[in-house]
Amino acid sequence: MAVRPESPGFWEEVAAVPGGEAVTACIQCNTCTSSCPVESLEPAFNVRRLVARVRLGLREDVLSDDALWACARCHACIAHCPKGVRPGDVIEALRHLAVKEGHEGPGPRHLRAFVASLRQGGRIHEARVTIDSIGINGVVRQGFLPVRMAMRGKAPTLRAEPLSTAEEIRLLLDAVEGGK
Amino acid sequence: MRYAYFPGCVAYDSCRELDTATREVARILGIELVDLPEAGCCGAGNLQEYSAEAARTLNARTLSMAEGAGADLLTVCGTCQLYLSRANKELQDPAVRERANELLAKTGRRYNGTVKVKHLLEVLLQDVGPRKLAAHVRRPLQDLAVASFYGCHILRAPGSPAAQNPEDPRSMEELVTLLGGKPTDYPGRTACCGFHILTVREDLAVRMSGASLVGAKAAGAQAIATPCPLCHLVLDTYQGKSSRAAREALGVPVLHLSQLVGLALGADPESLGLKRHLVSLKPVVRHVQAGEFVRP
């Protein structure tokens with residue numbers, strides 16, 4: 001494949017995000033991918049190649065890749081990397097950039113739904129996050145599972161009480177996002 | 001023994017049985033739990049991706065509440081344990097803590113870095129200790145074959161004993177043995193359940209958890225026990241889907257750590273929320289009730 005690095009400075013951008021600092025220390029040894037429980041099921045998600053693509057400057061290719069959202073955050077790669085790259089944290093940094101830039105897809109949608117629920121109630125309201133993440137169609141595709149959960153008294157609460165201090169959470173989130 | 005208790009969002013919501021079982025275990029062992037009704041979410045990795053600093057600041061807020069109560073923080077979730085202890089480790093750096101405190105000042109709070117974050121597994125084995133725990137066993141598990149499922153995050157949490165040997169942890173097995181059960185060795189003890197991609201790639205998550213369920217069943221496990229409610233959600237609630245993906249009948253009961261301990265300590269099964277599972281726990285309860293001591 002001919003590689004055209006449209007953003008040669010991409011690695012610097014990633015290294016400036018918390019978690020991405022050590023991205024240049026990678027020696028492409030493949031220890032991360034070998035310890036990854038997702039890669040054997042979904043070869044499109046390959047941690048070593050992801051790091052290589054960052055360093056090749058394939059900015060849009062990486063940030064718009066749905067496979068970026070297949071990482072299950074098991075952190076096995078972080079534990080095993082012999083160079084301290086913390087590949088799982090590099091993925092955290094890449095997802096941060098992808099969401100900040102308004103990329104769409106099931107992954108960014110779930111992340112936004114999660115943060116919206118946290119912002120509103122201070123804690124996560126599972127039913128709302130699920131519906132906002134997978135949509136009503138996604139819930140319908142769950143078939144009888146929600147019914148079976150409800151029969152066991154295991155359905156998430158439909159109306160969650162927000163923390164009485166949820167305003168503090170919003171204040172802190174806004175303060176961080178506002179930069180100061 | 002006194003802890004600031006942080007159940008985590010899922011134990012407040014779909015896994016409420018974990019919260020009730022934990023309170024029951026604490027009551028039996030004489031552990032005082034101080035509630036933190038205003039503590040928020042740990043971020044679970046999502047908030048960390050959205051904004052690392054926001055996640056650290058919200059966790060500093062929770063830690064400041066435990067500090068205010070004069071107690072260490074007790075978690076019952078692998079993911080809460082990972083992200084709270086990671087934040088706590090970062091906040092040991094005075095400059096990082098100062099920055100968090102500048103933000104927290106807007107809410108009238110402050111964190112001085114004095115709290116330890118402990119998972120129930122660590123509290124049971126180290127603070128309560130094997131001797132006292134064993135002395136409280138009223139319903140030994142009768143060699144129940146229990147397959148431990150650690151979950152990734154308790155194995156990666158800085159300072160957690162289970163993280164000292166993440167490739168071959170033994171703390172869950174040690175606990176199972178203390179309670180009179182028989183630890184089942186199987187590939188998958190330290191595997192990933194896939195919870196964190198459940199809403200994005202359910203197909204992968206159910207195959208990942210399915211592999212561990214198949215492994216535990218093949219090794220003869222009568223139940224799986226897990227110290228993480230997120231693993232529990234995938235292993236129990238989604239077991240039907242895992243079974244279809246693996247093309248194997250499963251039916252493996254999955255216990256929260258607190259429920260396993262509560263059963264062995266003689267708690268009323270009703271008080272442990274054992275009916276709030278999708279895979280029935282009746283065979284497990286029947287098995288252990290056969291060996292129950294009659295209380296004097």
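To find a chain, count down the sequence lines: A is the first, B the second, and so on, and within it residues start at 1.
Going from atom CZ of Arg276(B) over to atom CE of Met151(A) covers 14.5 Å, rounded to the nearest 0.5 Å. In this structure, the separation between NE2 on His110(A) and CG on Leu198(B) is 8.5 Å, given to the nearest 0.5 Å. With rounding to the nearest 0.5 angstrom, the SG atom of Cys71(A) is 11.5 Å from the CG atom of Leu204(B). One finds the NZ atom of Lys100(A) at 10.0 Å from the OG atom of Ser51(B) (value rounded to the nearest 0.5 Å). Atoms CG and NZ, from Leu171(A) and Lys106(B) in turn, are 7.0 Å apart once rounded to the nearest 0.5 Å. Atom CG in Leu230(B) sits 10.5 Å away from atom CZ in Arg73(A) (nearest 0.5 Å).
If you measure heavy-atom distances from Asp89(A) to chain B, the contacts under 4.5 Å come from the side chain alone. With a threshold of 4.5 angstrom between heavy atoms, Leu172(A) approaches chain B through side-chain atoms but not through N, CA, C or O. Using a 4.5 Å cut-off between heavy atoms, Ser133(A) contacts chain B through its side chain alone, with no backbone atom that close. For Ala98(A), no part lies under 4.5 angstrom from a heavy atom of chain B. If you measure heavy-atom distances from Glu102(B) to chain A, you find no contacts under 4.5 Å at all. Both the backbone and the side chain of Ala54(B) have a heavy atom closer than 4.5 Å to some heavy atom of chain A. Only the backbone of Ala39(B) comes within less than 4.5 Å of a heavy atom in chain A; its side chain stays farther off. Within the 4.5 angstrom heavy-atom criterion, only side-chain atoms of Leu118(A), from C-beta onward, approach chain B. Proximity to chain A is absent for every atom of Phe195(B), based on heavy atoms less than 4.5 angstrom apart. Looking at Gln142(A), both its backbone and its side chain come within 4.5 Å of chain B, counting heavy atoms on both sides. Only the side chain of Leu82(B) comes within less than 4.5 Å of a heavy atom in chain A; its backbone stays farther off.
Interface remark: of the candidates Leu58(B), Thr79(B), Thr57(B), Leu58(B) forms the most heavy-atom pairs closer than 4.5 Å to chain A. Highest contact tally toward chain A, considering only Cys9(B), Ala55(B), Gly8(B), Gly40(B), is held by Cys9(B) [criterion: heavy-atom pairs under 4.5 Å]. Counting heavy-atom pairs closer than 4.5 Å to chain A, the top residue among Pro37(B), Cys192(B), Gly45(B) is Gly45(B). The candidate from Glu167(A), His96(A), Glu126(A) with the greatest count of non-hydrogen atom pairs under 4.5 Å with chain B is Glu126(A). The greatest number of non-hydrogen atom pairs below 4.5 Å with chain B, out of Gly19(A), Ala76(A), Pro18(A), Ala127(A), is found for Ala76(A). Contacts with chain B were tallied for Pro106(A), Cys74(A), Ala70(A), Ser40(A); Cys74(A) has the most, counting heavy-atom pairs under 4.5 Å. With chain B as the partner, the residue from Val115(A), Val99(A), Leu173(A) showing the most heavy-atom pairs under 4.5 Å is Val115(A). Contact tally against chain B (heavy-atom pairs below 4.5 Å) for Val17(A), Ile124(A), Leu97(A): the top residue is Ile124(A).
Of the possible donor and acceptor atoms, none in the side chain of Arg61(B) sits under 3.5 Å from a partner among the backbone N and O of Ile169(A). Between the side chain of Glu38(B) and the main chain of Leu163(A), no donor-acceptor pair closer than 3.5 Å is present. Without hydrogens or angle criteria, Asn46(B) side chain to Phe114(A) main chain gives no donor-acceptor distance under 3.5 Å. The closest donor-acceptor contact from the side chain of Glu49(B) to the backbone of Leu111(A) lies at 3.5 Å or more, if one exists at all.
For Lys154(A) against Cys15(B), the heavy-atom pair with the smallest separation is NZ-SG, 3.7 Å. Summarising the geometry of Glu167(B) relative to His80(A), their closest heavy-atom pair is OE2-NE2, 2.6 Å, with the distance given to 0.1 Å.
Using bins of under 30°, 30° to 60° and over 60° for the plane-to-plane angle, the ring pair His75(A)/Tyr83(B) lands in the perpendicular bin.
Counting heavy atoms from C-beta on, the side chains of Arg16(B) and Thr157(A) come closer than 4.5 Å. A 4.5 Å side-chain heavy-atom check between Val38(A) and Met208(B) finds at least one atom pair inside the cut-off.
Shown here is Arg49(A), whose CZ atom has no more than 12 heavy atoms of other residues, nucleotides or ligands within 6.0 Å. Taking a 6.0 Å sphere around CZ of Arg148(A), one finds it holds 12 or fewer heavy atoms contributed by other residues, nucleotides or ligands.
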Give the intermediate values and the outcome of side-chain contact (heavy atoms from CB on, under 4.5 Å) for residues Leu278(B) and Leu145(A).
-> CA-CA 9 Å; Leu278(B) 265 72; Leu145(A) 185 57; 3.7 Å; yes
Verdict with reasoning, Arg109(A) to Thr199(B), per side-chain contact (heavy atoms from CB on, under 4.5 Å) = CA-CA 10 Å; Arg109(A) 184 176 178 185; Thr199(B) 53; over 6 Å; no
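A donor atom on one side chain and an acceptor atom on the other are found under 3.5 Å apart for Tyr50(B) and Glu177(A).
Along residues 237-251 of chain B, the residues that come nearer than 4.5 angstrom to chain A, judged on non-hydrogen atoms, are Thr237(B), Tyr238(B), Lys241(B) in order of number. Residue-level contacts of residues 154-166 of chain B with chain A, in order of numbering, are Arg156(B); threshold 4.5 Å between heavy atoms.
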